[in-house]
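Notes follow once the structure below has been shown.
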Amino acid sequence: MKTSRIIKPLVGLAAMIAAAATANAAVPEVKAVPGEFIVKMKQAVDTSSIKSLSASLNAEGAEIVSEKGKVLLVKRNQLETAGFSMNALKNSGLVEYVEPNYIYNALNLPDDPMMDQLWGLINEGQSVGDLGEGTPDMDIDAEKAWSITTGSEDIVVAVIDTGVDYRIADLAPNMWANQAELNGQPGVDDDGNGFVDDVYGYDFVNNDGDPLDDHGHGSHCSGTIGARGNDANGIVGVAWNVKIMGLKFLSASGSGSLDAAVRAIDYAVANGANIMSNSWGGGPRSEALLEAIQRANEAGVSFIAAAGNHSANNDASPTYPANYEVDNVISVAAIDNRGQLASFSCYGSTTVHVAAPGVDILSTTPDGFKSWRGTSMATPHVSGVAALLLAQEPNLSPAEIRERIVFSARPKATLRNKVASNGIVNAYHALTNTAAPIDLMDPYFWPQEAAEHSTAHPYADNANESITFTKEGAEYIAVHFSRFETEGGYDFVIFKDAEGAEVARWSGTYDDSFSPSVPGDTIIIEFVSDSSVTKYGFDIDGIAFREAEGE
Ligand code: CA
Ligand code: CA
């Protein structure tokens, strides 16, 4: 009946990989299912009125997406332009709003080399893939958290993704199961929830009761959330014990449509999920998706979402669904095993809440264990922490869960002004409701002195300037920029130590930020612009320094 939902085979994954490879990649292009529109009706909708509604909308077909939300999927003649169809629907006078049936993509970035260590959970400095050695303890403090709780089978996490391979030995014991369907009759909606044979969840791509994963992404996310722990097998999830509900809305090629996303969210809410893990994104703001997330919030269900893999500042250019301003949304950025924001990760000092491990993350797939990267892989770490938290404190509201996760995140200098919490999700401090220790390498906490230097505003083409600051006796030194703006990817500020060794380079916008800290008592700041496009430049208004011990 709905075999032609996704007309175009997916290009999303290839596009995402390309996007991540480019330092200043554009937001992925907007795609929608041809001829299909999401329509919010003014009047109530139900199955008895659908035919006449379809006729009054001059549609080739219509289906209910959300009865409660008065949302329909309407199919118009594909020969019409989208603009014509949308105007016609609006002009009918029957509808509140009309949106294209947007297509979303999985936000993973598959990575080939096999990994065998879960540095995100327990980081002992082990070497990970191409990244080299990690920073010990740069993890979510899972080991300490597990001494408090390893989760509960009363907590249900809906993985809204490509499905879940519930046959994987590490996932099978932690699958949510609809008992009435499990013990019911094939072809019968035994529990009367409107879905036939939905034992482990539902497949909104093929519209059947089997959410088996034909891609791998959803199973990978599921393993990070809740691969069975202490079973002498495979890996372990953040929560050893949890119930994973498989809601497939992304196809075998990793793409899915707005109507399927709304259906999946509504299913999760109606069938007892506590948390939804959403490692996908794309497309502009959608009222229908926003309202589905609001319905979830009202029902007390958290919506944890990937911040995106196109290196954007989400405060300035939103990524959906992570940017919907609803209390249950937690937007997640990705870090590597040294606590650095991943080069591909989106960020945002107000709209992205927390960072989590998202580079070279080993987890379960239908083809065995794979190591992948992406904000897709960071998101399930936070979903897992939320599951542990709810196991311990089942009465927390989604707003309280978000507040706790932001408050208890472990601050990291590199994440200051990049995420609202300035830090990395921390399972132990979330469970104990305690503040994590500050980052002693964060210049924010160091003694500071006034200092001044500015470029021309705007700066010149082919600039090549150098300025040096010294604080005698300092072990580390950094400068503070009150304002910083260069042409992203072309005009650079390079930070060097006294010997001229490069420590870091910046390009783009970094207002009210400390520079990376440089070892020693001297920081050399070089500014090099190319032959076109000039921006504001920068203003330095102070230095910060860490004094050597014993001084
Ligand atoms: Ca059913
Ligand atoms: Ca295991």
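Counting starts at 1 for both ligands and their atoms, following the listed order. Since this is a predicted model, take the numbers as computed values, not measurements.
Asp165 is linked by a side chain to side chain donor-acceptor pair (under 3.5 Å) to Arg167, counting only residues two or more places apart in sequence or in another chain. Here Asp214 pairs with Lys248 under the salt bridge (charged side-chain N to carboxylate O under 4.0 Å, His left out) rule; sequence neighbours left out.
For the Ca ion (ligand 1), protein N, O or S atoms under 3.0 Å: 6 in total.
Tested against Ser345, the residues Val352, Thr375, Asn309 include a single side-chain contact (heavy atoms from CB on, under 4.5 Å) partner, Thr375.
Annotation: side chain to side chain donor-acceptor pair (under 3.5 Å) contacts involving residues 51-62, sequence neighbours excluded, are absent.
Using a 4.0 Å cut-off between charged nitrogen and carboxylate oxygen, Lys75 and Glu63 count as a salt-bridge pair.
Classified by interplanar angle (parallel below 30°, tilted 30° to 60°, perpendicular above 60°), the ring pair Tyr104/Trp280 is tilted.
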